[in-house]
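What follows is a single structure, written as structure tokens, with notes after it.
Throughout, protein chains are lettered first and strands after them, A, B, ... in sequence-line order, and every chain is numbered starting at 1. What's counted below: heavy atoms across the whole structure, side chains too, no hydrogens, waters or symmetry copies.
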2 protein chains.
Amino acid sequence: MATRGNGRPRRPSITDVARRAGVSVGTVSNVLNRPDQVTPATRERVQAAIEELNFVRNASARQLRAGTIRTVGAIVLDIANPFFTEVARGIEDRLAPDEYTLMLSSSDQDPEREARYLRLYEEHGVQGVLVTPSQGSLETILALRDRGIGVVLLDATTEVEDVSSVGVDDVRGAALAVEHLLDLGHERIAFINGPDSIRQCVDRRAGVVAALVAAGRDPGAVLTEVTVASLNADAGEKAMHELLAIDASRRPTATFCVNDFTALGALRALRWADVRVPDAMAVVGYDDVAIAPMLTVPLTSVHQPTHTLGWTAADLLLREAGADGPAEHQRVLFQPELVVRTSTAG
Amino acid sequence: MATRGNGRPRRPSITDVARRAGVSVGTVSNVLNRPDQVTPATRERVQAAIEELNFVRNASARQLRAGTIRTVGAIVLDIANPFFTEVARGIEDRLAPDEYTLMLSSSDQDPEREARYLRLYEEHGVQGVLVTPSQGSLETILALRDRGIGVVLLDATTEVEDVSSVGVDDVRGAALAVEHLLDLGHERIAFINGPDSIRQCVDRRAGVVAALVAAGRDPGAVLTEVTVASLNADAGEKAMHELLAIDASRRPTATFCVNDFTALGALRALRWADVRVPDAMAVVGYDDVAIAPMLTVPLTSVHQPTHTLGWTAADLLLREAGADGPAEHQRVLFQPELVVRTSTAG
DNA sequence: TTTCGTCCTTGAAACGATTCATGGCCACTC
DNA sequence: GAGTGGCCATGAATCGTTTCAAGGACGAAA
């Protein structure tokens, strides 16, 4: 048997199949790609040869000649974050029926890592990439697009010219949360927020303020903002302790947390301090992670259409790839929804 | 500029670079792959041409000629499950320094989907695949291996000849949980388990029974098993309600749940019934998901070395690929650890 | 000056599939 | 029987890279 020098048998090629079936390579290719243009008898002979040899097409050779490849690359900020896995699922669901495949990777917010994966995808000749840009990586991405590779920004709300993007309206999401608390009659509201280096935090603060102003309140009087360095449970717990130190007469009666993990910590602090939720303190989170409804006090949270987000991003990309002329770029902004649970309306 | 018929400019090839730099294609290839064999002056000229043209290697042509590709495919059961995302992270971390890349996908326990991805990976010429086999898919996987593609089974404990695999000892993990409860003095223990169609459930029951027997207890007397259809919070909550219906004098004083989501539901039921944890009922989960320590009652749980699992699987694969002769197959079984938190030892 | 030897560079062959102009074969029509 | 057209099969050219035998240039040694 033919070998490749390393002792392993060589994969059968289209030539081997042709020889075995007693036809030309062109005919084998026709069986694979245009079976109706081949006489049934010939077709069956070729099929038999394919099965006997366990022939598997070589995607590289195929792509080299055809110039195209049905693959899309995606780079998310953090693959361990449920938000992004749900987005990835949405992307896959859009690609599968078109027989596209997904190459998925995680940049971990590292622009260098992101650049490495972008180059890799480009070398592989993907039709396009879906990227959640990390800070300062936009230039690399735009250069990629200029070289003719489809680009859709994922979870981006920044206004960039000539790039398609999908995102969720964080300003509106935060506003929804605050409107809900105002509706419930809360007049002193706390906001546990993260640093300004994270876009989401900036946008959500804007939403909080906008909602208060729209309701005729003075943000300075109603709002107590606590800033935490990282968006995890421990930070949320610490922040809530600060709030609980405030004299009961001036203490906020509701807290909006910039994400669910922070809210989880806040709830824990409340539990330990024996403050009843939602009677003595209402809590709203953001992201509506899978466990939000499973908590001992199910958490009211702002839900984002993650699956749709991914689906739409992939859809935009495929459309761009399908278009012949220079693509028209679209920016899609989804609206979040508030899911009311026990932590605010017990 | 050269075009490809669809109006888009053609990507510059190594030939374009060679022409621009006034050298042969062989020299350009040398600059890319063996830079030290090229005179500095020539090298710089070529580098300049590469940058001016924005040349990017064509991975397909490269692979076609070289016959190999530094890519590994992985198929997990459910990409939305934190267990698998952490495993994926481990895989990536092992591959990155060797400049391998990962193609990741999710079979959703569908053998057909799994087969489709396997074939795709094979067409792309991956060096190997990491698979969590879904039911009855082993044959496809073995055929793949026979065709010379590296295979490592992920999270598999079944004994299959001639295939490498990595897994975590579920029997031992469950035993750890029960030993812990016995140490705390519990003499009536509940076990909320899933269906026998899931291997983990079978293994974990075996561990529960083994631990009781080893401690000289009669499982029939100590154990109350409740079976749920799916491993989520609602099922866990319902199961705990069943347990709470038992007369207090005979009711178990501790519950071991087959995974953390079930435990979450159980905790919720306890909270609503105002049963104090851990005093009136201790609870142990399994998986140690990220939110286990964030709960209002931090959850005691069995921790699995997910990252290491993925890392090791990838490591085995790379070793097999590196070996020249027929690979020696290894089966690695990791040991889980119990993480004690408030829900058992408040 | 000649002869080596070293060090770079060259250019054609090869990888495996797809494409397409070419031509063979056959049936049918006039 | 010649002409026409439809249907299939053919096989060489092609994609962009890597590889490697062969050749060229140049300096050092005799």
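When the C1' atom of D:dT17 is taken as reference, atom CD of A:E123 falls 12 Å away, rounded to whole Å. Rounding to whole angstrom units, CD1 of residue B:I14 and P of C:dT10 are separated by 13 Å. The distance between atom CD1 of A:I69 and atom P of D:dG16, rounded to the nearest whole Å, is 15 Å. The CD-C1' distance, from A:Q63 to C:dT18, rounds to 13 Å in whole Å. Distance A:L32 CG to C:dA17 C1': 9 Å, rounded to the nearest Å. Straight-line distance from the NE2 atom of B:H124 to the P atom of C:dG16: 17 Å, rounded to whole Å. Going from atom CG of A:L64 over to atom P of C:dC15 covers 14 Å, rounded to whole Å.
Separation of atoms OG1 (A:T306) and CH2 (A:W311) is listed at 15.0 Å; rounding is to 0.5 Å.
Remark: B:Q63 pairs with A:S60 by the side chain to side chain donor-acceptor pair (under 3.5 Å) rule, at least two apart or across chains. Annotation: side chain to side chain contact (heavy atoms under 4.5 Å, CB included) contacts of A:T132 (sequence neighbours excluded): A:V76, A:L77, A:F84, A:L154, A:D155. B:S105 is linked by a side chain to side chain donor-acceptor pair (under 3.5 Å) to B:Y121, counting only residues two or more places apart in sequence or in another chain. For B:R62, there are no salt bridge (Lys or Arg N to Asp or Glu O under 4.0 Å) partners, not counting sequence neighbours. Residues passing the side chain to side chain contact (heavy atoms under 4.5 Å, CB included) test with A:T71 are A:I69, A:T101, A:M103, A:V126, B:H124, sequence neighbours excluded. When the side chain to side chain contact (heavy atoms under 4.5 Å, CB included) test is applied to B:S137, the partners found at least two apart in sequence or on another chain are B:E114, B:P133, B:S134, B:I141.
Closest non-hydrogen pair, A:S164 versus A:L316, comes out as CB-CD1, 4.2 Å.
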Output a table of nitrogen or oxygen pairs between the protein and nucleotides 19-23 of chain C separated by less than 3.5 Å.
| unit_1 | atom_1 | unit_2 | atom_2 | d |
| --- | --- | --- | --- | --- |
| C:dT19 | OP2 | A:R34 | NH2 | 2.5 |

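For C:dT9, the OP1/OP2 oxygens have no side-chain nitrogen or oxygen of B:T27 closer than 4.0 Å. At C:dT9, one or more side-chain N or O atoms of B:T39 fall inside 4.0 Å of OP1 or OP2 (strictly under the cut-off).
Terminal axes of the helix from C:dT1-D:dA30 to C:dC30-D:dG1 (five pairs each, C1' rotation axis) are separated by 60°, to the nearest 10°.
Ranking C:dG11, D:dT17, C:dA17 by closeness to the A:R62 side chain, first place goes to C:dA17.
Residue pairs meeting the salt bridge (charged side-chain N to carboxylate O under 4.0 Å, His left out) criterion with at least one partner in residues 81-97 of chain A, sequence neighbours excluded, are A:R89-B:D78, A:R89-B:D108, A:E92-B:R113, A:R94-A:D98, A:R94-A:D315. Sorted by first and then second residue, the pairs that involve residues 122-145 of chain A and meet salt bridge (charged side-chain N to carboxylate O under 4.0 Å, His left out), not counting sequence neighbours, are A:R119-A:E123, A:E122-A:R147.
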Sequence neighbours excluded and cut-off under 3.5 Å, please list the side-chain donor-acceptor pairs for residues 42-52 of chain B, or say none.
| unit_1 | atom_1 | unit_2 | atom_2 | d |
| --- | --- | --- | --- | --- |
| B:R43 | NE | B:P35 | O | 3.2 |
| B:R43 | NH2 | B:V38 | O | 3.2 |
| B:R45 | NH1 | B:A21 | O | 2.7 |
| B:E52 | OE1 | B:R20 | NE | 2.6 |
| B:E52 | OE1 | B:R20 | NH2 | 2.7 |

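For DNA chain C, the residues of residues 42-61 of chain A within the heavy-atom distance limit of 4.0 Å (strictly under) are A:F55, A:R57, A:N58, A:A61, sorted by number.
Using a 4.0 Å heavy-atom cutoff across all strands shown, A:V38 reaches sugar-phosphate atoms only and no base atom.
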